[in-house]
Amino acid sequence: MAIEKFTTANECVTLVTDTQRGEKTVVLLHGYLESLCVWSDFEECIKRDMRVIALDIPGHGVSEVVGEVHSMEFVADVVAEILSQQGVEKATIVGHSMGGYVAMAMLERHPDMVEAIVMFHSTPFADSDEKKANREREIACIQAGKKDALAALSPAQAFASDNLKRFRGDIEGLTEQIYMTDDDGICALLRGMMARPDRSKVLAEARIPKLFIFGRKDNYIGAETAERMIEQNPDAQVAWLDNSGHMGFIEQEKESAEILTNFINKLQ
């Protein structure tokens, strides 16, 4: 059973869970408009094989909001301090979507703490102009008091269209999470994602084990983007989830857990 506690890291109060046992340590970093709760079922599939640490990324869940911008670098420093507090010298960093952006910042700023990196429906690339414009529109929507419009569209968009009925309960849970998330926290992380640099060179030059997990039906990361990432990292292990959109650890939970567990078990 994971221990849950609040801790102050990088001057930010953050909720952390830690299973505390396991030869290898894995850090699960959730995506945008999520919280550590999104990993609950997936964690049950992997925790027997490893120590699992998760957190509410500052600005989401019940972690603190500390400014108008929560940069990926700021969050990476929070993660690094939490690991130090927990006595962890090295860990495999698993980042889902936005969590992958944090993982990339951590790889650049705290490389000695990263034993391996898993980009789970995520990329090292900076936002395109189109993506930045979309994030600006989301900020305007939130500030205009229209968060319900975001809640109505975003969760379902993350799943493959043919999975919507089967995962209706998960979609409803993610929708509720959006309503519970602090408006200022959403905007702070949107600004942080917009400001992040391209870290494709950081990833390509990192001499650590890498695992990329993509969904064949992902509405956010298309095959062309994924293939560009794969081409830049010929040393990476790549797994495709044939029946998943952007939420493979939910849509294909057992397959994702097996892929991750096999990857970590092979680490020296």
Side-chain angles (χ1 to χ4, degrees), residues 2 14-57 60-61 72 75-76 78-80 82-83 86 88-111 113-124 158 199 202-203 206 208-215 218 220-221 226 229 233 236-241 244 246-267:
T14 306
L15 179 65
V16 180
T17 61
D18 184 355
T19 63
Q20 297 189 308
R21 297 181 180 179
E23 183 179 343
K24 296 288 185 180
T25 300
V26 175
V27 179
L28 300 178
L29 300 176
H30 65 76
Y32 171 58
L33 298 177
E34 299 169 6
S35 72
L36 62 80
C37 296
V38 79
W39 297 110
S40 297
D41 291 341
F42 185 72
E43 182 181 301
E44 290 298 315
C45 296
I46 64 173
K47 71 178 186 179
R48 287 173 293 184
D49 297 294
M50 61 200 77
R51 179 181 181 180
V52 182
I53 296 174
L55 63 140
D56 278 348
I57 286 177
H60 278 12
M72 301 300 100
V75 180
V78 170
V79 176
I82 288 171
L83 290 182
Q86 300 300 106
V88 177
E89 295 182 0
K90 280 182 175 290
T92 295
I93 311 298
V94 179
H96 173 242
S97 197
M98 179 185 71
Y101 309 155
V102 176
M104 289 304 311
M106 191 162 179
L107 181 60
E108 183 174 61
R109 295 168 71 84
H110 307 280
M113 302 188 83
V114 183
E115 182 174 17
I117 193 164
V118 180
M119 299 293 279
F120 210 149
H121 305 302
S122 189
T123 81
R199 289 192 166 97
V202 173
L203 184 59
I208 58 171
K210 309 166 191 173
L211 170 62
F212 304 158
I213 304 177
F214 299 110
D218 194 326
Y220 295 108
I221 299 176
M229 187 171 160
N233 295 272
Q237 179 180 326
V238 179
W240 286 93
L241 299 173
S244 286
H246 198 63
M247 305 293 287
F249 57 93
I250 295 175
E251 293 172 276
Q252 289 182 254
E253 178 187 281
K254 292 182 179 178
E255 294 93 330
S256 296
E258 183 177 0
I259 290 165
L260 178 60
T261 300
N262 288 341
F263 172 74
I264 292 175
N265 285 342
K266 291 177 182 177
L267 299 176

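Computed from a predicted structure; not experimentally measured.
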List in chain and number order the residues that pass side chain to side chain donor-acceptor pair (under 3.5 Å) with [X], two or more places apart in sequence or in another chain; answer none if no residue qualifies.
X   : value
H30 : none
S35 : Q177
E44 : K47
T14 : none

Which value, rounded to the nearest 0.5 Å, describes the distance between [X] atom [atom1] and [Y] atom [atom2]?
X    : Y    : atom1 : atom2 : result
T25  : Q20  : OG1   : CD    : 11.0 Å
L260 : D49  : CG    : CG    : 9.5 Å
N262 : Q237 : CG    : CD    : 8.0 Å
L36  : L55  : CG    : CG    : 7.0 Å

So [Y] and [X], do their side chains get closer than 4.5 Å, heavy atoms only?
X    : Y    : result
L241 : I213 : yes
L211 : I264 : no
M104 : I117 : yes
L203 : N233 : yes

Task: E258 atom CD: more than 12 heavy-atom contacts under 6.0 Å - done: no
Where [X] and [Y] come nearest, the two heavy atoms and their spacing:
X    : Y   : value
S122 : S97 : OG-O, 2.8 Å
G99  : I57 : CA-CD1, 4.5 Å
L83  : A91 : CD1-CB, 4.4 Å
A103 : I93 : CB-CG2, 3.6 Å
A257 : I46 : CB-CG2, 3.8 Å
E253 : F42 : O-CE1, 3.9 Å

Under 3.5 Å, is there a donor-acceptor pair between the side chain of [X] and the main chain of [Y]?
X   : Y    : value
H60 : L33  : yes
H96 : G248 : no
T19 : V52  : yes

Taking only residues at least two apart or on different chains, which pairs with a member in [range] satisfy salt bridge (Lys or Arg N to Asp or Glu O under 4.0 Å)?
range           : answer
residues 30-43  : none
residues 97-109 : D77-R109, E108-R199
residues 17-33  : D18-R51, K24-E115

Partner set under side chain to side chain contact (heavy atoms under 4.5 Å, CB included) for [X], not counting sequence neighbours:
X    : answer
E251 : F159, A160, N163, F167, S244, M247
A80  : M106, H110, M113
A116 : T92, P209, F263, L267

Task: Any residue meeting ring-ring contact (aromatic ring centres under 6.0 Å, His included) with F212, in chain and number order, not counting sequence neighbours - done: none
TODO: Sequence neighbours left out, what passes ring-ring contact (aromatic ring centres under 6.0 Å, His included) with F120? Give chain and number order.
DONE: F249
Open item on the list: Between L28 and V38, is the side-chain contact (heavy atoms from CB on, under 4.5 Å) condition met? List the steps.
Closed with: CA-CA 10 Å; L28 300 178; V38 79; over 6 Å; no
